[in-house]
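Below is one structure, written out as structure tokens; comments come after it.
Model, not experiment: these values are computed from the prediction.
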Amino acid sequence: MTEVPDPEVVELATKIFDLARRGQAEALVAYVDAGVPANLTNDRGDSLVMLAAYHGHSDAVRALLERGAEADRINDRGQTLLAGAVFKGETDVIKVLLEGGADPSAGTPSAVDTARMFGRTEVLELFGEH
């Protein structure tokens, strides 16, 4: 028998994922510091830090990484935070993820492959690629 999720829990989770999308680092950090897992994922395997990275919020990304979020977390489609940031052209987020230990060769396609695909030579240089 499938357990029906508590509507209040679903509403809270939705609010927290929206904070990540909007890059509201202070509010997001308050929830994580209060016990929400830094690696909380939605129904597609996207973590809080992935949503913050994809939407270009480097401060939120940094704050989540400092609280234990995984820099190389892969979602249900095999994508990494770093590849998403490369796709979106979010250079500040890319730098924060690299500082946090993200691996440019992880995921499918990897961040390196994504940078090559979109001709982002400046990003390839950040990765030490030519």
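Between Asp76 atom CG and Asp43 atom CG the span is 8.5 Å, to the nearest 0.5 Å. For the atom pair Leu64 CG and Met50 CE, the distance stands at 12.5 Å (nearest 0.5 Å). Atoms CZ and OG1, from Arg77 and Thr108 in turn, are 13.0 Å apart once rounded to the nearest 0.5 Å.
Side-chain contact check for Asn75 versus Arg44: every heavy-atom pair is 4.5 Å or farther apart. For the pair Thr91 and Lys95, the minimum side-chain heavy-atom distance is below 4.5 Å. A 4.5 Å side-chain heavy-atom check between His55 and Glu90 finds every atom pair outside the cut-off. Taking the side chain as every heavy atom from C-beta outward, Phe127 and Ile94 approach each other to under 4.5 Å. For the pair Arg73 and Val49, the minimum side-chain heavy-atom distance is 4.5 Å or more. Side-chain contact between Leu98 and Pro104 is present, with at least one heavy-atom pair separated by less than 4.5 Å. Counting heavy atoms from C-beta on, the side chains of Ile74 and Gln79 never come closer than 4.5 Å.
Proximity of a side-chain donor or acceptor of Arg67 to a complementary backbone N or O of Ala63 within less than 3.5 Å is detected. Judged purely by atom type and a 3.5 angstrom limit, Thr114 uses its side chain to pair as donor or acceptor with the backbone of Ser110. No side-chain donor-acceptor contact under 3.5 Å links Asp72 to the backbone of Thr80.
Put simply, Tyr54 and Phe17 are part of two different groups of oily side chains (I, L, V, M, F, W, Y) that touch within less than 4.5 Å, one to the next.
The nearest pair of heavy atoms linking Leu40 to Val36 is CD2-CG1, 3.9 Å. Closest heavy-atom contact between Ala38 and Gly68: CB-C, 4.0 Å. The minimum heavy-atom distance between Leu48 and Pro37, with the atom names listed, is CD1-O, 3.9 Å. Of all the heavy atoms in Ala85 and Val93, the pair that sits closest is CB-CG1, 3.8 Å. The two residues Ala102 and Leu82 make their nearest non-hydrogen contact at CB-CD2, 3.9 Å. Residues Ala83 and Pro109 approach most closely at CB-O, 3.7 Å, considering heavy atoms.
In summary, of the residues considered (Val10, Ile16, Leu12), a side chain to side chain contact (heavy atoms under 4.5 Å, CB included) with Thr14 occurs for Val10 alone. Considering Asp33, Asp59, Leu51, Leu19 as possible partners of Leu28, the one that fulfils the side chain to side chain contact (heavy atoms under 4.5 Å, CB included) test is Leu19.
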For this session: Go through the steps for Leu97 and Leu65 under the test side-chain contact (heavy atoms from CB on, under 4.5 Å), then give the verdict.
Result: CA-CA 8 Å; Leu97 289 170; Leu65 291 176; 4.1 Å; yes
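The aromatic rings of Phe87 and Phe118 stand perpendicular to each other, their planes meeting at an angle above 60°, with 30° marking the opposite boundary.
Residues Asp46 and Arg21 are not paired through a salt bridge, judged by the lack of any N-O separation under 4.0 Å between the basic side chain and the carboxylate.
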